[in-house]
Amino acid sequence: MALYIFITTVVVAMGYFVNGSYRTTAAGGARGRRQTCVASRQEFLNKILLVGIFTILFALSALRIGIGNDYWTYRQQFLYISGGDRDISYEIGFQWLVRLMQALFGQDNYRTTFAAVAFLTCAFSLKGIYDTADWFVFSFFLFMANGFYFMSFSTVRYYLALAFCLYSVKYLLGKQYLPFVLWIILAALFHKTALLVIPAYLVAYYLKWSKKTLWMIPAACVVLVVGKPVIRRLLFLIYPFYEGDSILDVGAVSYVNIAKCAAILVLCLLFYKAAIRDNAKNSMFFNLNLFALILYSCGSYIPELTRICYYMVIGQIFLLPPVLQSIQDRKMRRFFCGAVIAAYICYFVMFLIKGKSDYVMILPYLTWIFV
């Protein structure tokens, strides 16, 4: 646990010096040239820091062995893939990646395959945060404190797909719909649940709240509650092995995630006019948080609900920073920033305490260097 806390502290401290404000257009004349010079130095510093952060995160992930509740299961599935087993449930994109690594490094050199996945996951997650965040260090802190990085040690296909989805956000915000869809399709080649991102993100981006649209919230809750038999039947057509599974199909209510989404919703509503109402980007992430809250509250019967909701919850790392920045009163802004930071530190500690549990297994950290 101490190692994870230390690594998180180091990379967040490095992220503090990453500044994307230079991306604004410089004015002309001598002042413009000075601004351009400063921007160039900051851009260079940003690249150095980002490479450093990436190297640390990639190394920690790539050098692990036996970390994650499905590490050895994946290793066995790699062998099945190399043997041409047609009953493998992994998506075709992941199978291609495994075969490529086996062709390059050997049939059972599974550590290189985990390293390749770690490289892609860390690279696209970090680039996605840098390209989309208004306040990089705060968004990056939330990303780490939420456990998104450390959970990528488990269910590696899902978190690779999530990294691609995170990277795709900038294209939707820039109304570049074709690249956005193509990146989601690429993500779906590694975990098909990523296809849910296309309708969810598009609806979140274009949905505007007013007296005429508020009815959609109770309607969605009713559909989820009343439509339980139909929804489960459709899900089991796609994932038949989830039905009745003692781990995946338990129907447990995630009270922690409900509380977290609800607390963020309340904070956003307090500063809705200043930060969200007329800001399409913030409005999208606000809607995604609301969608996740509705699903967590009314759709607990959905197998692996957290995986579906995390496509929406990941937007919280981009939502909270601008909401906090919109607070005009300095003392109030400091109070809420401190409260959010303290809450996420507590959440991070709770997450690490559960790191030894059978369904997480990211602790204790082991590396193949010393095996």
Side-chain angles (χ1 to χ4, degrees), residues 68-70 142-143 145-148 150-152 154-155 158-159 161-162 165 191 193-194 196-197 199-200 203-204 214-269 285-317 319-320 340 343-362:
N69 63 346
D70 51 6
L142 296 174
F143 174 79
N146 264 294
F148 292 126
F150 293 105
M151 279 304 296
S152 69
S154 291
T155 56
Y158 172 78
Y159 281 93
L162 184 63
C165 294
H191 208 285
T193 57
L196 295 171
V197 167
V203 171
L214 284 176
W215 64 269
M216 294 182 181
I217 298 175
C221 295
V222 170
V223 169
L224 283 171
V225 173
V226 176
K228 175 180 177 179
V230 176
I231 293 173
R232 282 179 62 83
R233 184 177 300 176
L234 291 174
L235 288 172
F236 293 143
L237 288 176
I238 303 173
Y239 289 103
F241 48 87
Y242 278 0
E243 187 171 10
D245 191 285
S246 59
I247 298 177
L248 303 177
D249 189 19
V250 294
V253 179
S254 180
Y255 293 106
V256 172
N257 281 309
I258 290 175
K260 184 168 63 171
C261 291
I264 292 173
L265 177 65
V266 171
L267 178 63
C268 291
L269 290 175
F285 297 128
F286 172 84
N287 289 338
L288 288 175
N289 180 72
L290 178 60
F291 296 169
L293 177 60
I294 293 172
L295 281 170
Y296 277 129
S297 302
C298 305
S300 60
Y301 57 82
I302 299 174
E304 289 287 21
L305 177 64
T306 297
R307 293 190 186 182
I308 296 174
C309 288
Y310 269 19
Y311 290 121
M312 305 167 197
V313 170
I314 193 72
Q316 294 172 353
I317 70 174
L319 173 62
L320 283 172
V340 170
Y344 273 92
I345 289 175
C346 291
Y347 179 86
F348 184 51
V349 172
M350 290 172 56
F351 166 76
L352 292 179
I353 291 173
K354 295 180 180 179
K356 293 183 179 180
S357 59
D358 292 338
Y359 59 92
V360 180
M361 293 179 62
I362 61 171

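Computed from a predicted structure; not experimentally measured.
Y301 is listed as a side-chain neighbour of L224, based on a closest heavy-atom distance under 4.5 Å. Between F351 and Y344 the shortest side-chain heavy-atom distance does not fall below 4.5 Å. A 4.5 Å side-chain heavy-atom check between Y347 and L142 finds every atom pair outside the cut-off. Between M312 and N287 the shortest side-chain heavy-atom distance does not fall below 4.5 Å. I264 is listed as a side-chain neighbour of L319, based on a closest heavy-atom distance under 4.5 Å. Counting only heavy atoms from C-beta outward, the side chains of P303 and L235 approach each other to under 4.5 Å. Side-chain contact between H191 and T155 is absent, with no heavy-atom pair separated by less than 4.5 Å. In this structure, V340 and L267 have side chains that are in contact, with non-hydrogen atoms separated by less than 4.5 Å.
At least one donor-acceptor pair under 3.5 Å links the side chain of S154 to the backbone N or O of N69.
Of the residues V313, I217, N257, L265, the one that meets the side-chain contact (heavy atoms from CB on, under 4.5 Å) test with L293 is L265. Just one of F291, F148, Y296 meets the ring-ring contact (aromatic ring centres under 6.0 Å, His included) condition when paired with Y310; it is F148.
Not counting sequence neighbours, the partners of K356 by the side chain to side chain contact (heavy atoms under 4.5 Å, CB included) test are L363. Remark: D70 pairs with no residue by the side chain to side chain donor-acceptor pair (under 3.5 Å) rule, at least two apart or across chains.
Between A200 and L288, the shortest heavy-atom contact is O-CD2, 4.0 Å. Shortest non-hydrogen contact noted between C165 and Y311 is SG-CE2, 3.9 Å.
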